[in-house]
Amino acid sequence: MATQTTVAQIGTYEGQAVILRGWLYNKRSSGKIQFLQVRDGTGVIQCVAVRNEVGEDVFARCSELTQEASVIVEGVVRADARAPIGYEVQLTDIQLVGESVDYPITLKEHGVDFLMDHRHLWIRTPRQRAILKVRAEVERAMQAFLDGDGFTRVDPPVLTPSSAEGTTELFHIKYFDEDAYLTQSGQMYMEAAAMALGKVYSMGPTFRAERSKTRRHLIEFWMIEPEMAYYTHDDNLALQERFVSSVVEHVLNHCEAELATIGRDVSKLQHVTAPFPRMSYDEAIAWLQKRGHDIQWGDDFGAPHETELAGQFDRPVFIERYPTAIKAFYMQPDPERPEVVLCADLLAPEGYGEIIGGSQRIHDFHLMEERFAQHHLPEAAYQWYLELRKWGSVPHSGFGIGLERTVAWICGLEHVREANPFPRTLYRLYP
RNA sequence: UCCUCGAUAGCUCAGCGGUAGAGCAUCCGGCUGUUAACCGGAGGGUCGUAGGUUCGAAUCCUACUCGGGGAGCCA
């Protein structure tokens, strides 16, 4: 009796009769033999139907199949050196489950606009499937690292009363008779959670109503935000480099086939081991000036600056201690130099830009109160955040890592939209 | 918001003042080892929308619509 299995497991059934349930990816045929490429979500395998072996009826059913028709295939597993995965199925029977007439996405080239309009079908293609698998492994690796390091996952709210930073544009919605906004960061809630549980992290979607349309921006994207009580700035950076390098190592060890499908040059990832190089903001400015850039101490970096800074190294680089004036209100000033804050951005190599932003947070009540006043923050809405500094406040640090940017970098993607199953970009909410 | 590029067959594109084209997809036929298979044939179009220039506009001009890439901002 034939055993039901998957393409990924096929090697353990050599010589045996199996049943595969999937979809027709492609078909090549001649008068008396047909090659059916069947995918089942775990992989693609070629099923061979020979006319004078399967009989006229089964052969005719194969002939009628079209691209992406769903099928249940029965056949015998054979090792074959010509097959990309080393095995083929000698087809004995096939059933059509659901027909597929005029499937829009062909095996030829398509434009971005067309593919994005058909994202619900585009994700069936091997490359997109591979990217989604890598994304899932990145998420798994992040959770495994943090869970194994004594962190507790805490889920912050998506609906919030106001902005944490005031600068970025928020999605405004009605909350019955009140105004509410979609979260742009769970950080403040994670600071509260860190005082309750020590080391915590969140993993979820975040929203920015910025009219950004570049290969590095999505309107809705996922962030992982760890927050650690009693962690200093240096503790924070040491954690980040262990974290990022363990994620890369996990993907290299578990996604070899997927990275090959995507065409990623994995040698570029093999250097990504701790420690990561560090540059102070001061050094970075001086370095850029020496290279002919018209940039002054106090300016923020633009995308080309970041690319050039990161281009010096074969692994991510920390740029730390930015001017207080250009950074978020909650960042802890350097005690030796209050004009800079204890923060760092982690820039990925190969032009992928900032994947992490993090800092030590202000823990002193009076300093935080001062910052609220300086930044004209709505104290009423964030009374609770201020109160964290009133009862048992401790030095603490945290960071946020962008999931899609991380996946785009690890996979070597042209655009972060491919790293999200149903990306939300400027001017695109469908499908 | 600004800069820049684009819109022609189901898809990817060519045509850039003078009868609307190719490859792929689809349909029909051929082929027992194909790898984005190949070979032969067929069907398939208000050239994004609205104006304008011209004897004549897919082609030149203007506006609009919808997208792509980038800047700023950020992860």
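Note that the structure is predicted; figures quoted are calculated from it, not measured.
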What integer number of Å spans the [atom1] atoms of [N] and [M]?
{"N": "B:G70", "M": "B:A63", "atom1": "C1'", "value": "25 Å"}
{"N": "B:A20", "M": "B:C27", "atom1": "C1'", "value": "22 Å"}
{"N": "B:G18", "M": "B:G56", "atom1": "P", "value": "15 Å"}
{"N": "B:U53", "M": "B:G15", "atom1": "P", "value": "28 Å"}
{"N": "B:C3", "M": "B:U62", "atom1": "P", "value": "15 Å"}
{"N": "B:G44", "M": "B:U8", "atom1": "C1'", "value": "14 Å"}
{"N": "B:U59", "M": "B:G6", "atom1": "C1'", "value": "16 Å"}
{"N": "B:G17", "M": "B:C11", "atom1": "P", "value": "27 Å"}

With a non-hydrogen cut-off below 4.0 angstrom, is [X] in contact with a base, only sugar-phosphate, or nothing?
{"X": "A:G357", "answer": "sugar-phosphate"}
{"X": "A:H118", "answer": "nothing"}
{"X": "A:Q34", "answer": "nothing"}
{"X": "A:G302", "answer": "sugar-phosphate"}

- Query: In terms of the nearest nucleotide of RNA chain B, which residue is placed more toward the 5' end: A:K327 or A:T106?
  - Reply: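 Result of the comparison: A:T106.
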
- Message: Assuming nearest nucleotide by heavy-atom distance, tell me which of A:L107 and A:I326 is located more 5' along RNA chain B.
- Response: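 Closest to the 5' end, via its nearest nucleotide, is A:L107.
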
From the list [options], which nucleotide is the closest neighbour of the side chain of [X]?
{"X": "A:Y427", "options": "B:G67, B:C73, B:A71", "answer": "B:G67"}
{"X": "A:N52", "options": "B:C73, B:U32, B:U34", "answer": "B:U32"}
{"X": "A:F114", "options": "B:C11, B:A36, B:C74", "answer": "B:C11"}
{"X": "A:R428", "options": "B:G67, B:U32, B:C24", "answer": "B:G67"}
{"X": "A:E306", "options": "B:G68, B:C74, B:C31", "answer": "B:C74"}
{"X": "A:R215", "options": "B:A75, B:A36, B:G69", "answer": "B:G69"}
{"X": "A:R417", "options": "B:U12, B:G68, B:A75", "answer": "B:G68"}
{"X": "A:T425", "options": "B:A75, B:A71, B:G68", "answer": "B:G68"}
{"X": "A:K213", "options": "B:C73, B:C11, B:G70", "answer": "B:G70"}
{"X": "A:N26", "options": "B:U34, B:A36, B:G72", "answer": "B:A36"}

Is [X] salt-bridged to [Y], cutoff N-O under 4.0 Å?
{"X": "A:E258", "Y": "A:R129", "answer": "yes"}
{"X": "A:R405", "Y": "A:E354", "answer": "no"}
{"X": "A:E88", "Y": "A:R82", "answer": "no"}
{"X": "A:R140", "Y": "A:E137", "answer": "yes"}
{"X": "A:R264", "Y": "A:E350", "answer": "yes"}
{"X": "A:D93", "Y": "A:R61", "answer": "yes"}

Nucleotide opposite [N] in a Watson-Crick or G-U pair, distances under 3.5 Å:
{"N": "B:G40", "value": "B:C28"}
{"N": "B:A20", "value": "none"}
{"N": "B:C74", "value": "none"}

- Would A:F35 count as stacked on B:G33 if the rule is ring centres under 5.5 Å and plane angle under 30°?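 Taking the rule of under 5.5 Å and under 30°, the ring of A:F35 does not stack on B:G33.
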
- Ring centers of A:Y231, A:F399 separated by less than 6.0 Å: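 Ring centres of A:F399 and A:Y231 not closer than 6.0 Å.
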
Quick check: any donor-acceptor pair below 3.5 Å linking the side-chain of [X] to the base of [N]?
{"X": "A:S30", "N": "B:G33", "value": "no"}
{"X": "A:H110", "N": "B:C11", "value": "no"}
{"X": "A:R51", "N": "B:G33", "value": "no"}
{"X": "A:R405", "N": "B:C74", "value": "yes"}

